[in-house]
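Data block below; observations after.
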Amino acid sequence: MTDQSQHLSAAQFAPILHRFRRQSPLVHCMTNDVVQNFTANVLLSLNASPAMVIDAEEAAQFSGFADALLINVGTLTAERQQAMQAAVTAARQAGTPWTLDPVAVGALTLRTTFCQRLLSQQPAVIRGNASEILALAQQASGGRGVDSLHQADAALEAARQLARDYQTLVIVTGEVDYATDGQRTFAIRGGSPLMTRVVGTGCALSAVVAGFSSLSGDRLLNVASACQVMARAGEQAAASSAGPGSFATAFLDALWTLEVDHETH
């Protein structure tokens, strides 16, 4: 099958990044315990406003006025599942776009069952690695925990089918990221292998995607731009880093200073 993926130009995503910074969306992150601090710092570095509200009653209330909601099942528990469901229900009632990050779906039963149930509740975006997307589409059993056993392009057709079946957007991340609505597909290249050596870059991407999904206009272009912003920052950070420790700091700085107005590639 011929790949019909489009590529983002700086002219396409630069104004979206500027709009994101200007609007400073409030992103409600119900994310895993391992990545909360890094996720918050990534959002702050892009001038967004993060919040990590997890109690079921408060989460439902907060989702009513947040600009976007992230559901990340990385450290899912039965109690947290109830809180996440309450937040999703409230978000849908308020018209708040919510993003699903199906961490390790296919490898573990509780999260797999929960995420399959959430699919019918109108996520604006689903963001996962290839193994997670294949498992969510019930085309494979999943990866090795949070690690993907597949390249992103191996899950591209599954992503397109998921997008069509649930009228959502699907992002598959890997060496190349793909964002699709089932018809159009953007391919986002860039980043750095060091991004896989720092805990939380993928989860933070999901939070950034959630924030970008709240912008007006072409939502697929908006969330593809979120991937491109993170990839560009990863490239810039890697160029000045000696290893994972310095990379994590340089990555936040790159997000803060990223400027793409006059770039042509």
Side-chain angles (χ1 to χ4, degrees), residues 6-31 39-52 62-72 87-88 90-101 121-128 159 163 166-173 177-188 190 201-234 252 254-261 263:
Q6 305 174 56
H7 300 284
L8 282 175
S9 68
Q12 287 176 298
F13 73 86
I16 296 172
L17 172 59
H18 290 310
R19 188 150 43 93
F20 181 86
R21 285 170 166 160
R22 186 173 64 250
Q23 294 186 12
S24 186
L26 174 59
V27 185
H28 180 189
C29 302
M30 300 186 77
T31 192
T39 297
N41 282 332
V42 164
L43 287 169
L44 287 168
S45 295
L46 287 168
N47 203 41
S49 181
M52 278 66 178
F62 196 80
S63 287
F65 57 80
D67 293 305
L69 168 68
L70 168 65
I71 299 294
N72 173 308
V88 167
R92 291 180 64 193
Q93 291 172 347
T96 303
W98 70 276
T99 292
L100 174 63
D101 187 339
Q121 297 179 47
Q122 298 175 305
V125 192
I126 300 166
R127 200 294 305 176
Y166 294 98
Q167 290 80 56
T168 187
L169 307 181
V170 180
I171 297 173
V172 192
T173 51
D177 297 341
Y178 295 97
T180 184
D181 62 3
Q183 303 299 326
R184 295 179 298 153
T185 302
F186 287 101
I188 301 95
T201 53
C203 295
L205 170 60
S206 293
V208 174
V209 163
F212 273 73
S213 78
S214 71
L215 300 177
S216 60
D218 184 340
R219 182 171 281 165
L220 179 61
L221 182 58
N222 290 342
V223 300
S225 297
C227 296
Q228 186 69 81
V229 165
M230 294 286 275
R232 287 290 183 92
L252 296 177
L255 290 170
W256 179 254
T257 60
L258 186 64
E259 184 57 68
V260 292
D261 273 313
E263 297 179 15

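No hydrogens, no waters, no symmetry mates; every other heavy atom, side chains included, goes into these values. We number each residue from 1, following the sequence as shown.
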Point-to-point distance, once rounded to the nearest 0.5 Å, from CE of M230 to CG of L205: 5.0 Å

Any side-chain heavy-atom pair of T168 and Q122 under 4.5 Å: no

D67 side, atom CG; S214 side, atom OG - distance, nearest 0.5 Å: 5.0 Å

Between CZ on residue R92 and OG on residue S63, distance to nearest 0.5 Å: 13.0 Å

Distance, nearest 0.5 Å, that separates CD1 of I71 from NE2 of H28: 7.0 Å

Side-chain donor/acceptor of T99 to backbone N/O of L70, under 3.5 Å: no

N72 side chain vs T31 backbone, donor-acceptor pair below 3.5 Å: no

Steps toward side-chain contact (heavy atoms from CB on, under 4.5 Å) verdict (Q228, F186): CA-CA 10 Å; Q228 186 69 81; F186 287 101; over 6 Å; no

S206-D101 side chain donor-acceptor pair, cut-off 3.5 Å: yes

F212 and F20 aromatic ring geometry - parallel, tilted or perpendicular at 30°/60° bounds: parallel

Worked verdict on R127 versus T173 for side chain to side chain donor-acceptor pair (under 3.5 Å): CA-CA 8 Å; R127 200 294 305 176; T173 51; 2.7 Å; yes

Flag side-chain contact, heavy atom, 4.5 Å: S225 against L8: yes

Side-chain heavy atoms of I171 within contact of V223, under 4.5 Å: yes

Point-to-point distance, once rounded to the nearest 0.5 Å, from CG of L220 to CD of Q183: 11.0 Å

Residue pairs, two or more places apart or on separate chains, that pass salt bridge (Lys or Arg N to Asp or Glu O under 4.0 Å) and touch residues 206-230: R184-D218

Minimum side-chain heavy-atom gap V42-V208 below 4.5 Å: yes

Pairwise side-chain contact, W98 with V125, heavy-atom cut-off 4.5 Å (strictly under): no

Any L69 side-chain heavy atom under 4.5 Å of F62 side chain: no

Check: N222 side chain, S216 main-chain N or O, donor-acceptor pair, under 3.5 Å: yes

Within-4.5 Å side-chain heavy-atom neighbours: E259 and L17: no

Candidate pair V172 and D177, rule side-chain contact (heavy atoms from CB on, under 4.5 Å), full reasoning: CA-CA 6 Å; V172 192; D177 297 341; over 6 Å; no

Rounded distance [0.5 Å steps], CE in M30 versus CE in M52: 11.5 Å

Donor-acceptor under 3.5 Å (S24 side chain, N47 main chain): yes

Sub-4.5 Å side-chain heavy-atom contact between L43 and C29: yes

Contacts of Y166 that satisfy ring pair (Phe, Tyr, Trp, His ring centres under 6.0 Å) - sequence neighbours left out: none

